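Below, all heavy atoms of this structure are taken into account, side chains as well, without hydrogens, waters or symmetry copies. Please read all numbers here as calculations on a predicted model, not as lab measurements.
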Amino acid sequence: MGHKVNPFGFRLQINKNWQSKWFAKNNFRENLLSDIEIRNALDKRFGKTSGVSLVEIDRSQDAIKITIHTSKPGILIGRSGQGINDLKMHLVKNCPLLRNAKTGLATKIEIEIMEVKNPYLSAELVAQTVAYQVERRIAYKRAIKQAIGKVMDAKAKGVKIGIAGRLGGAEIARREQYGNGSVPLGRLRANVDFAKVDALTTYGIIGIKVWIYKGDQIEQEEV
């Protein structure tokens with residue numbers, strides 16, 4: 001035993017869904033590389049302070065619909081929707097694969113902004129918060145304990161945060177783990193959110209992993 005599986009991929013079609021939704025027979029490679037380009041361009045534009053937790057990409061024959069889940073929708077939308085127009089221009093400029101190879105025309109892009117009502121139940125947002133504080137040279141133990149307290153206050157059933165790297169500027173890298181409550185990773189019906197974010201520090205990259213257990217899927221359906 002001892003093999004580690006990504007909790008998100010482990011629960012696909014049970015209580016998780018694909019982040020890219022499309023089907024391709026001949027141009028699978030181009031679509032996959034285009035998705036990676038889009039996600040990288042959005043990561044560079046937003047960073048760790050914009051509250052983006054999830055990016056979903058849905059392709060049709062002549063258009064791409066990008067759904068962005070964020071805890072700060074007003075910042076992304078901008079005044080009179082100007083932020084969405086700027087975001088479309090940014091994607092067309094930084095994603096060459098969005099242009100048709102034959103005609104040179106850009107693919108039609110639709111952007112939808114969805115609000116994340118409780119950011120402390122999103123593993124991605126919690127990991128981004130901890131990583132941002134570590135980059136600002138805040139003590140990692142303090143940042144993790146604050147994050148755990150806020151997650152449990154948001155009525156999660158369990159949380160686990162792992163951090164690895166040259167912690168505190170140590171010469172030898174090590175791994176530490178903190179948590180509260182239970183996180184049953186082996187139970188498929190358990191709704192476990194997972195995220196991994198890297199913090200770029202002067203001592204090197206510090207990896208942060210967050211698991212949040214929100215309860216079993218059967219319990220949520222009954223409620």
Side-chain angles (χ1 to χ4, degrees), residues 3-21 35-36 38-57 66-73 76 113-136 138 140-165 167 175-188 190-201 205-215 217:
H3 296 283
K4 294 178 176 62
V5 181
N6 189 304
F8 196 96
F10 192 46
R11 291 167 174 81
L12 277 175
Q13 284 191 314
I14 297 172
N15 52 31
K16 302 293 181 185
N17 205 345
W18 282 269
Q19 296 180 8
S20 293
K21 302 172 186 176
D35 282 7
I36 295 172
I38 291 170
R39 295 183 189 280
N40 290 340
L42 293 176
D43 284 343
K44 288 181 181 178
R45 184 174 178 85
F46 295 140
K48 297 183 178 70
T49 58
S50 59
V52 175
S53 64
L54 176 64
V55 176
E56 294 179 327
I57 300 174
I66 301 173
T67 305
I68 302 174
H69 298 256
T70 176
S71 60
K72 303 174 183 178
L76 268 64
I113 307 297
M114 301 288 289
E115 183 181 5
V116 177
K117 294 183 179 179
N118 196 338
Y120 289 107
L121 288 179
S122 170
E124 180 71 26
L125 295 181
V126 173
Q128 288 179 9
T129 301
V130 175
Y132 179 72
Q133 291 179 330
V134 170
E135 289 177 348
R136 296 288 299 273
I138 295 174
Y140 70 93
K141 288 185 180 180
R142 178 184 172 190
I144 289 175
K145 288 179 180 178
Q146 281 182 350
I148 289 174
K150 290 179 179 178
V151 171
M152 296 306 292
D153 289 343
K155 298 183 179 179
K157 293 198 172 184
V159 57
K160 182 170 68 173
I161 299 179
I163 186 168
L167 304 178
R175 179 181 289 106
E176 293 185 9
Q177 215 169 68
Y178 303 86
N180 195 352
S182 63
V183 184
L185 297 178
R187 195 161 69 235
L188 282 173
N191 186 5
V192 178
D193 196 11
F194 170 75
K196 179 182 179 298
V197 175
D198 292 333
L200 307 178
T201 68
I205 294 177
I206 292 179
I208 296 157
K209 292 181 179 179
V210 176
W211 296 261
I212 297 177
Y213 173 46
K214 304 177 185 179
Q217 188 72 21

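- Atoms NZ and OG, from K160 and S182 in turn, are 11.0 Å apart once rounded to the nearest 0.5 Å.
- In plain terms, the two heavy atoms of S20 and R39 that are nearest each other are OG-NH2, 3.0 Å.
- Sorted by first and then second residue, the pairs that involve residues 125-136 and meet side-chain hydrogen bond (donor to acceptor under 3.5 Å, both in side chains), not counting sequence neighbours, are K48-E135, E124-Q128, Y132-R136.
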Inset, instruction - Apply the test side chain to side chain contact (heavy atoms under 4.5 Å, CB included) to residues D193 and K214: give CA-CA distance (whole Å), side-chain angles for both, the deciding distance (0.1 Å), then the verdict. - result: CA-CA 8 Å; D193 196 11; K214 304 177 185 179; 3.9 Å; yes
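- What you find for L121 and A156 is that their closest heavy atoms are CD2-CB, 3.7 Å.
- Atom-to-atom distance recorded for D153:CG and I148:CD1 is 12.0 Å, nearest 0.5 angstrom.
- For R175 (side chain) and G165 (main-chain N/O), no donor-acceptor pair under 3.5 Å exists by modelled atom type.
- A131 approaches V197 most closely through the heavy-atom pair CB-CG1, 3.8 Å.
- Note that the CD1 atom of I68 and the CD atom of E115 stand 14.5 Å from one another [nearest 0.5 Å].
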Legend entry - From CA spacing to verdict: side chain to side chain contact (heavy atoms under 4.5 Å, CB included), I163, I144: CA-CA 9 Å; I163 186 168; I144 289 175; 3.8 Å; yes
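- Taking the side chain as every heavy atom from C-beta outward, L200 and I205 approach each other to under 4.5 Å.
- With rounding to the nearest 0.5 Å, the separation of NZ in K72 from OG1 in T49 is 6.0 Å.
- Atom CD1 of I14 has more than 12 heavy atoms from other residues, nucleotides or ligands within 6.0 Å.
- Note that CD1 of I113 and CG of L76 are 5.0 Å apart. Values are rounded to the nearest 0.5 Å.
- For the pair V159 and V183, the minimum side-chain heavy-atom distance is 4.5 Å or more.
- When L54, V52, V116, N118 are each tested for a side-chain contact (heavy atoms from CB on, under 4.5 Å) with L125, only one passes: V116.
- Minimum interatomic distance between T70 and S50 (heavy atoms only, all atoms of both residues): OG1-O, 3.2 Å.
- In this structure, Q146 and V130 have side chains that are not in contact, with every pair of non-hydrogen atoms separated by 4.5 Å or more.
- In this structure, R187 places its CZ atom where more than 12 heavy-atom neighbours from other residues, nucleotides or ligands lie under 6.0 Å away.
- With contacts defined as side-chain heavy-atom distances shorter than 4.5 Å, the pair I212/V192 does not qualify.
- If you check the side chains of K16 and N191, you find a donor sitting under 3.5 Å from an acceptor.
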Legend entry - Derivation of the side chain to side chain contact (heavy atoms under 4.5 Å, CB included) call for W18 and E56: CA-CA 8 Å; W18 282 269; E56 294 179 327; over 6 Å; no
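- We find the CD-CD1 distance between Q177 and I161 to be 10.0 Å, quoted to the nearest 0.5 Å.
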Inset, instruction - In sequence, state the C-alpha distance, the side-chain angles, and the governing distance for K196 and D198, and then conclude on side chain to side chain contact (heavy atoms under 4.5 Å, CB included). - result: CA-CA 7 Å; K196 179 182 179 298; D198 292 333; 3.0 Å; yes
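- Few gaps surround CZ on F46; more than 12 heavy atoms of other groups in view lie less than 6.0 Å from it.
- Between A154 and Y120, the shortest heavy-atom distance links the atoms CB-CB, 4.1 Å.
- A pairwise comparison of heavy atoms in S53 and S122 identifies CB-OG, 3.3 Å as the closest pair.
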